[in-house]
2 protein chains.
Amino acid sequence: MPETLELLTSYRAFEGWQKQYRHSSKSLHCPMTFSVYLPPQTNVGEKVPVVYWLSGLTCTDENFSTKAGAQRIAAKLGLALVIPDTSPRGEGVPDAEDQAYDLGLGAGFYINATQAPWNRHYTMYDYITKELPVLIEQTFPVTEQRAISGHSMGGHGALTIALKNPGRYASATAFSPIVNPTQCPWGEKAFSHYLGDDRENWKSWDTTELITSRANPLPVLIDQGSDDSFIDQQLLTENLISACKTKQYPADIRYQQGYDHSYYFIASFIEEHLEFHHRYFNQ
Amino acid sequence: MPETLELLTSYRAFEGWQKQYRHSSKSLHCPMTFSVYLPPQTNVGEKVPVVYWLSGLTCTDENFSTKAGAQRIAAKLGLALVIPDTSPRGEGVPDAEDQAYDLGLGAGFYINATQAPWNRHYTMYDYITKELPVLIEQTFPVTEQRAISGHSMGGHGALTIALKNPGRYASATAFSPIVNPTQCPWGEKAFSHYLGDDRENWKSWDTTELITSRANPLPVLIDQGSDDSFIDQQLLTENLISACKTKQYPADIRYQQGYDHSYYFIASFIEEHLEFHHRYFNQ
């Protein structure tokens with residue numbers, strides 16, 4: 001194990017191990033905490049593929065770890081789960097002046113900020129796509145097979161990251177993703193601070209724009225609760241459905257009747273998402 | 001729905017509903033919050049049996065609701081879950097002078113206190129065995145079939161309540177229960193405050209004592225993590241194993257290797273517990 005990796009907690013779960021680590025991130029210039037689930041197959045020396053989970057606004061690595069019930073399925077299918085934090089943290093890391101929940105701490109949006117004071121630490125894209133996978137693949141009994149999933153802001157992260165990195169992820173899924181951030185208040189606020197006022201620079205961080213301009217075909221599954229109060233203002237699911245239709249992009253985008261934006265929704269369908277990733281790992 | 005029952009939250013989960021209510025408790029003399037999971041079978045008019053879940057020290061109705069992953073199994077088996085709080089709450093309800101986690105708020109121990117200032121509000125036994133089931137059975141689409149389960153202090157509650165009420169519960173299960181509270185620091189502290197100094201009065205609230213003195217046979221399953229740091233000082237699992245052996249009481253008490261006292265342990269085995277209850281509902 002790299003010297004810089006500090007084990008914070010360790011729990012037996014479904015005959016595997018749920019572990020939480022802290023390390024010093026070179027790309028974010030701060031200490032970062034992440035969680036890993038290692039399924040029982042790794043107890044006997046097997047290497048397993050990895051599903052990365054990106055969480056939504058205000059979350060840390062703990063929300064998905066404790067609430068989604070994903071470890072049971074990962075144990076059954078033989079998948080490792082890697083759950084990073086949602087932004088840089090700690091001394092010297094800037095936050096929104098009013099400590100708003102949708103900018104700064106807990107709101108990294110999985111992009112590389114170009115504007116001061118954000119650009120030194122808010123480079124979550126590099127952290128998730130480069131630094132973290134290298135660390136994971138050097139440290140844990142995993143293969144180089146990767147998939148990516150996430151919720152809300154993390155659903156935006158999972159989809160954009162997969163689309164921007166052809167071949168790196170076998171599949172991508174999302175719950176309630178922000179699919180057109182250049183056109184919604186959450187995205188406009190974050191991108192104007194992190195990326196500046198030139199909206200042209202925003203487009204490469206927007207799922208609907210990426211599908212429209214240069215779709216990299218990979219298996220995509222999206223679940224969206226029909227009773228999610230953020231659909232019309234923030235998530236803009238219909239914009240992505242239109243773009244996929246226009247471009248004949250084969251994403252499977254499903255409305256789930258009566259479900260909202262909560263972890264109860266994620267828990268209800270995480271089994272289908274992990275089975276989706278598992279299917280494409282084996283192709 | 002009774003006028004006094006206020007709906008606080010409602011989430012679609014596994015095609016059923018996770019709901020949280022507040023009501024004015026007559027037995028506890030304070031407002032109480034509880035959670036209910038209604039499985040999809042109830043959407044189409046079916047009545048289902050109820051599993052009561054009693055939580056441990058410091059918990060509310062939310063820990064089990066969000067962390068155990070029980071709704072998936074309840075949906076599959078057609079069981080309602082009822083998850084009460086762990087003590088009376090609110091204005092006028094006394095707490096430990098030093099706000100200790102193991103006395104007062106969050107630490108009701110599922111007994112009827114006899115000593116001032118506790119005896120007006122700390123009558124969780126009456127609440128769980130009388131007031132709450134009446135409310136549940138009048139309000140929700142459930143049968144009069146009941147089972148009971150719990151964790152740690154709630155495991156103590158589940159076992160003592162089932163043993164003290166022959167015929168009311170089809171089965172009882174527990175995770176990491178405090179099985180001999182008259183002999184451990186948590187129990188000695190709580191019982192001396194709630195019940196007074198005469199230890200004879202404590203015995204009817206102690207699982208090991210109940211098994212020893214007047215075992216009421218019902219199906220019992222207990223899971224205990226082998227790496228639980230509270231075993232030797234607080235849980236005293238071996239004392240119950242000895243009493244069951246002496247009395248030839250057929251409880252199934254299992255050590256689970258490597259598991260601790262956390263909700264990851266509960267999540268790992270809750271499916272087996274709900275299947276255990278389901279089996280006895282159908283006999």
Side-chain angles (χ1 to χ4, degrees), chain A residues 8-20 35-40 42-43 59 61-76 81 83 175-176 223-229 255-275, chain B residues 8-20 35-40 42-43 59 61-76 81 83 175-176 223-229 255-275:
Chain A
L8 301 180
T9 63
S10 177
Y11 299 96
R12 192 90 168 142
F14 295 95
E15 302 295 299
W17 291 96
Q18 176 75 27
K19 290 169 182 274
Q20 189 182 43
S35 285
V36 175
Y37 179 68
L38 297 171
T42 63
N43 298 340
C59 289
D61 61 305
E62 294 193 0
N63 304 67
F64 182 78
S65 298
T66 59
K67 292 182 173 181
Q71 293 89 352
R72 179 185 64 85
I73 311 147
K76 183 178 73 176
L81 305 172
I83 308 128
F175 292 84
S176 337
D223 274 321
Q224 175 59 55
S226 71
D227 285 16
D228 186 327
S229 58
Y255 283 103
Q256 300 291 359
Q257 290 306 311
Y259 289 87
D260 64 9
H261 203 71
S262 73
Y263 263 88
Y264 288 111
F265 173 45
I266 297 169
S268 298
F269 294 96
I270 189 68
E271 184 155 15
E272 292 183 37
H273 285 235
L274 293 183
E275 284 175 347
Chain B
L8 301 181
T9 63
S10 178
Y11 299 95
R12 193 90 168 141
F14 295 95
E15 303 295 298
W17 291 95
Q18 177 76 27
K19 289 169 183 272
Q20 189 182 43
S35 285
V36 175
Y37 178 70
L38 297 171
T42 63
N43 298 339
C59 290
D61 60 305
E62 294 192 1
N63 304 66
F64 182 78
S65 298
T66 59
K67 293 182 172 181
Q71 293 89 353
R72 179 184 64 85
I73 310 147
K76 183 177 73 175
L81 305 172
I83 308 128
F175 292 85
S176 338
D223 273 322
Q224 174 59 55
S226 71
D227 286 15
D228 185 327
S229 58
Y255 282 103
Q256 300 290 359
Q257 289 305 310
Y259 289 88
D260 64 10
H261 204 70
S262 74
Y263 262 88
Y264 288 110
F265 172 45
I266 297 169
S268 298
F269 294 96
I270 189 68
E271 184 155 16
E272 292 184 37
H273 285 233
L274 293 182
E275 284 177 346

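Naming: A, B, ... by sequence-line order, numbering from 1 per chain.
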* B/Glu15 versus chain A, heavy atoms under 4.5 Å apart: side chain, backbone, both or neither? ->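 Both parts, backbone and side chain.
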* Heavy-atom contact with chain A under 4.5 Å, split by part of B/Thr66 ->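 It is both, since atoms from each part get that close.
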* With sequence neighbours left out, write down each residue that passes side-chain hydrogen bond (donor to acceptor under 3.5 Å, both in side chains) with B/Arg12, or none if nothing qualifies. =>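 side-chain hydrogen bond (donor to acceptor under 3.5 Å, both in side chains) list for B/Arg12, sorted by chain: empty.
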* Asked: Using a cut-off of under 4.5 Å for heavy-atom pairs, which of B/Tyr11, B/Tyr264, B/Phe269 has the most such pairs with chain A?
  ->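 Between B/Tyr11, B/Tyr264, B/Phe269, the count favours B/Tyr264.
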* Asked: Measuring heavy-atom distances to chain A, does B/Phe14 have an atom under 4.5 Å in its side chain, in its backbone, in both, or in neither?
  ->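 It is both, since atoms from each part get that close.
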* Minimum heavy-atom distance between B/Trp17 and A/Gly258, given as atom pair plus value ->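 What the structure gives for the nearest pair is CH2-O, 4.2 Å.
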